[in-house]
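To keep things clear, I will list the structure first and then write my remarks on it.
Every chain is numbered from 1 and lettered A, B, ... according to where its sequence line falls, protein lines coming before strand lines.
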2 protein chains.
Amino acid sequence: MANQVEREIFESYVRRNGGRVTPERLRLFDEIFSQHGHIDADRLYRAIRQDRKISRATVYRNLELLVDCGLVRRQRLGQRRYLYEHVHPGQAHDHLVCRVCDRVVEFMSPAISALQREIARAHGFDPAEHTLKISGICVGCASETEVAATGPSHRRSALRSTLS
Amino acid sequence: MANQVEREIFESYVRRNGGRVTPERLRLFDEIFSQHGHIDADRLYRAIRQDRKISRATVYRNLELLVDCGLVRRQRLGQRRYLYEHVHPGQAHDHLVCRVCDRVVEFMSPAISALQREIARAHGFDPAEHTLKISGICVGCASETEVAATGPSHRRSALRSTLS
DNA sequence: CTGAATGCAAAGCGTTTGCATATTT
DNA sequence: AAATATGCAAACGCTTTGCATTCAG
């Protein structure tokens, strides 16, 4: 089975802290490790629901557990929801998010990572995690919008007149 | 008066889009431009409330306006609320956030900014804004917590046993 | 005078929590 | 048997929205 190492990390983390290895925990682990990109709590919930009874509360509680033991990263890439992704050790990456279509593109920049560490150290911070999100307009949306692009924002303006 | 330039940008942006310059809008503008660091919507609301009647809805609607015209930056630095800050042109900066005391420290890194632009371009993105948040433990909290630091997380674990 | 902005209260939305019940060890 | 985890539903916290009223131009 894949993810054997991570799975053992998870189980030992749970037991070491007096927790129990439940089927719900393992199922959530499998689900999030079978996903390639980012996924939100609700989609995890519905995916698991297809073959097993689980509640949203359990999904949230155990996502927290996975985040705490360092196997999962939780970030706000969109406006509202958190997005989760399993961590690939040694593959720190960041995100480009299209404000039109919400597509998320990953990129890696060792140079930026190094600068971040340096900055944290210079300020006496012990860095634990980071989020670097660049939002803008992706190629696809740029070409589709090029004519219509008059307004300054990607969403409805607060000014009434521009609603017309 | 300070912020004359920004104020004219604001007023002309509003009028250009068929909007109206209301006392509430000007008051919010003044409040956010009188603040030095980051502030959330509720604190702006209460600050303005001290000398003028205003509703939360108006605060939120007009914050959106200020964000749209590029004078204000809105970011999720904490867990729940958005934090707002007025933009200092040409002074792009990012944030270190302490996960214990929530203190926010700003830093500037032209090198990181340049790399970000390069990366966006390489991926065909037209970058509009970015968020770089490094969360960790600040010097002060590190020294206070050095003995107690056993758990992996800054907050209560999802494991029941660790609550004791 | 016209239509945009405000205030109020309610709705929305994702996330968290209290408590009774089920399950792991 | 003891204590943790789950499910349910309600609570939460912040933000957004519908609608009647007020106000800027």
### Query
Does Arg80(B) or Arg80(A) map to a spot on DNA chain D nearer the 5' end, using the closest nucleotide for each?
Arg80(B)
### Message
Taking the nucleotide of DNA chain D with the nearest heavy atom to each, does Glu24(A) or Tyr82(B) sit closer to the 5' end?
### Response
Glu24(A)
Mind checking if [X] touches a base, just sugar-phosphate, or nothing, with heavy atoms under 4.0 Å?
| X | result |
| --- | --- |
| Arg61(B) | base |
| Asn62(B) | sugar-phosphate |
| Arg15(B) | sugar-phosphate |
| Arg27(B) | nothing |
| Arg43(A) | nothing |

Atom [atom1] of [X] to atom [atom2] of [N]: distance rounded to whole Å?
| X | N | atom1 | atom2 | value |
| --- | --- | --- | --- | --- |
| Arg81(B) | dT15(C) | CZ | P | 17 Å |
| Leu44(A) | dT15(C) | CG | C1' | 14 Å |
| Tyr60(A) | dT17(C) | OH | P | 13 Å |
| Leu159(B) | dT25(C) | CG | C1' | 15 Å |
| Arg76(A) | dC14(D) | CZ | P | 11 Å |
| Arg25(B) | dG25(D) | CZ | P | 10 Å |
| Asp40(A) | dT15(C) | CG | P | 7 Å |
| Leu26(A) | dT6(D) | CG | P | 10 Å |

### Query
Do other residues, nucleotides or ligands put more than 12 heavy atoms under 6.0 Å from the CZ atom of Arg43(B)?
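Count not over threshold, so no.
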### Task
Begin with the C-alpha distance, continue with both residues' side-chain angles, and end with the deciding distance and a verdict on side chain to side chain donor-acceptor pair (under 3.5 Å) for Tyr45(B) and Glu31(B).
CA-CA 9 Å; Tyr45(B) 166 73; Glu31(B) 189 60 41; over 6 Å; no
### Query
Should Lys53(B) be listed as having a side-chain N or O under 4.0 Å from OP1 or OP2 of dC23(D)?
no
### Task
Determine the interplanar angle of the His86(B) and Phe33(B) rings, folded into 0 to 90°, and report it as parallel if under 30°, tilted if 30 to 60°, perpendicular if over 60°.
parallel
### Query
Between the side-chain atoms of Arg20(B) and the base atoms of dG3(C), is any donor-acceptor pair under 3.5 Å?
yes
### Under 3.5 Å donor-acceptor, Arg15(B) side chain and Gly19(B) backbone
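Looks like no, no N/O pair under 3.5 Å.
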### Task
Say whether Gln75(A) and Thr131(A), considering side chains only, have a donor N or O and an acceptor N or O under 3.5 Å apart.
yes
### Message
From the set dG7(D), dC14(D), dC8(C), return the single nucleotide nearest to any side-chain atom of Thr58(A).
### Response
dG7(D)
## Note on the structure
Of the candidates dC8(C), dT24(C), dT15(D), the side chain of Thr22(A) sits closest to dT24(C)
